[in-house]
Undergrad: 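Below is the structure I would like to discuss, written out as structure tokens.
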Amino acid sequence: MYAFARCDSLTDVYYTGTQSQWKQISISSGNSFLTNATIHYANDFVPVATETTTTSTTTSTTTSTTTTTTATTTNNNHILPTGDLDGDGSITIQDAYNALMAYSKTSAGLDAGLTDEQKEAADVDGDGKITINDAYRILLYYANTVAGTGVTWEEILG
């Protein structure tokens with residue numbers, strides 16, 4: 001039996017190493033679900049903040065006054081793939097559209113309508129702003145993925 005023999009729903013693999021490290025892994029025949037999946041490498045990800053809120057409440061009472069103190073902390077530790085603005089785990093034409101709409105809005109002086117995490121995922125070239133080039137590159141990545149070329153962000157960004 002092969003490790004991925006019955007994984008017919010496997011479409012994406014999130015590998016924490018680089019593309020060159022992945023290519024050094026020996027994958028025996030019979031693992032077509034693995035070899036046909038889209039491989040996402042560690043450098044394809046950007047950090048995303050998700051809120052984990054911890055609240056502690058202290059109440060002290062005197063004869064005439066009750067005081068309640070609440071402290072909240074936030075833990076940021078989620079990952080959103082580069083170009084995946086909607087966070088669904090896939091780079092799609094919708095992500096390219098969302099990046100293009102964000103670019104159009106900011107060009108008109110409006111708010112992009114994205115969270116900071118989405119803005120970071122949309123800025124695929126890392127220049128600090130969402131441009132038409134980012135939207136184009138997300139669309140290019142999607143088109144190559146659908147075509148089965150196994151393209152990486154490193155290749156898209158040149």
Side-chain angles (χ1 to χ4, degrees), residues 1-55 72-107 110-158:
M1 169 141 308
Y2 300 101
F4 296 92
R6 294 188 178 158
C7 297
D8 58 347
S9 297
L10 182 64
T11 58
D12 294 88
V13 173
Y14 293 86
Y15 179 63
T16 58
T18 65
Q19 182 180 17
S20 61
Q21 290 170 326
W22 177 262
K23 289 182 177 182
Q24 292 175 10
I25 297 172
S26 175
I27 301 172
S28 54
S29 63
N31 285 300
S32 62
F33 294 117
L34 175 61
T35 57
N36 292 328
T38 300
I39 311 301
H40 303 273
Y41 306 99
N43 55 344
D44 291 344
F45 301 99
V46 293
V48 172
T50 56
E51 284 193 20
T52 304
T53 303
T54 306
T55 303
T72 302
T73 58
T74 301
N75 180 20
N76 299 326
N77 60 359
H78 185 62
I79 300 290
L80 184 69
T82 299
D84 185 14
L85 279 68
D86 58 14
D88 67 355
S90 298
I91 313 297
T92 65
I93 198 165
Q94 184 65 46
D95 296 306
Y97 172 79
N98 290 342
L100 183 59
M101 290 303 296
Y103 164 72
S104 299
K105 288 177 181 179
T106 56
S107 294
L110 303 172
D111 180 68
L114 300 175
T115 66
D116 288 343
E117 295 78 24
Q118 290 172 314
K119 289 175 187 175
E120 193 170 350
D123 180 20
V124 297
D125 61 9
D127 67 356
K129 56 190 174 224
I130 302 169
T131 66
I132 197 164
N133 290 327
D134 294 310
Y136 165 74
R137 287 178 171 139
I138 294 169
L139 184 59
L140 184 61
Y141 183 92
Y142 164 73
N144 276 275
T145 301
V146 170
T149 64
V151 70
T152 66
W153 280 111
E154 289 172 340
E155 294 166 328
I156 293 291
L157 296 172

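Because the structure is a prediction, the values reported are computed rather than measured. No hydrogens, no waters, no symmetry mates; every other heavy atom, side chains included, goes into these values. Sequence positions, counted from 1, serve as the residue numbers for this chain.
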Undergrad: Run the side chain to side chain donor-acceptor pair (under 3.5 Å) test against T131 and tell me which residues pass, sequence neighbours left out.
TA: D134
Undergrad: Do other residues, nucleotides or ligands put more than 12 heavy atoms under 6.0 Å from the CD1 atom of I93?
TA: no
Undergrad: Can you name the nearest heavy-atom pair linking T82 to I91, along with the distance?
TA: O-CD1, 3.0 Å
Undergrad: Hey, could you give me each pair passing salt bridge (Lys or Arg N to Asp or Glu O under 4.0 Å) that has a residue in residues 28-41? Not counting sequence neighbours.
TA: none
Undergrad: Strictly by salt bridge (Lys or Arg N to Asp or Glu O under 4.0 Å), give each pair with a member in residues 20-37 just once, sequence neighbours left out.
TA: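 Applying salt bridge (Lys or Arg N to Asp or Glu O under 4.0 Å) to every pair that reaches into residues 20-37, excluding sequence neighbours, yields nothing.
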Undergrad: Run the numbers on T149 and Y141 for side chain to side chain contact (heavy atoms under 4.5 Å, CB included), then give the verdict.
TA: CA-CA 10 Å; T149 64; Y141 183 92; over 6 Å; no
Undergrad: Can you pull out every salt bridge (Lys or Arg N to Asp or Glu O under 4.0 Å) where at least one residue sits in residues 135-153? Sequence neighbours excluded, please.
TA: D125-R137
Undergrad: Give a yes or no on whether the backbone of Q21 and the side-chain of Q24 come within a donor-acceptor separation of less than 3.5 Å.
TA: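 Side chain of Q24 to backbone of Q21: no pair is present.
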Undergrad: Among residues at least two apart in sequence or on other chains, which ones pass salt bridge (charged side-chain N to carboxylate O under 4.0 Å, His left out) with D86?
TA: none
Undergrad: Give a yes or no on whether I132 atom CD1 has more than 12 heavy-atom contacts from other residues, nucleotides or ligands under 6.0 Å away.
TA: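 No - once you tally the heavy atoms of other residues, nucleotides and ligands closer than 6.0 Å, there are 12 at most.
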Undergrad: Give a yes or no on whether Y136 atom OH has more than 12 heavy-atom contacts from other residues, nucleotides or ligands under 6.0 Å away.
TA: no
Undergrad: I'd like to check I130 versus L114 (side-chain heavy atoms, cut-off strictly below 4.5 Å). Are they in contact?
TA: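 Yes; the side chains approach each other to less than 4.5 Å.
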Undergrad: Give, for atom CG of D8 and atom OG of S32, the distance between the pair rounded to the nearest 0.5 Å.
TA: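 Interatomic distance, D8 CG to S32 OG, rounded to 0.5 Å: 10.0 Å.
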Undergrad: Search all heavy atoms of K119 against all heavy atoms of A112 and return the closest pair with its distance.
TA: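 Residues K119 and A112, closest heavy atoms: CE-CB, 4.3 Å.
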Undergrad: Going by the rule side chain to side chain donor-acceptor pair (under 3.5 Å), which residues pair with D95 if we only count those two or more places apart in sequence or in a different chain?
TA: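 Listed in chain order: T92.
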Undergrad: Give a yes or no on whether the backbone of L140 and the side-chain of N144 come within a donor-acceptor separation of less than 3.5 Å.
TA: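 Yes; judged by distance alone, with no hydrogens or angles, the pair exists.
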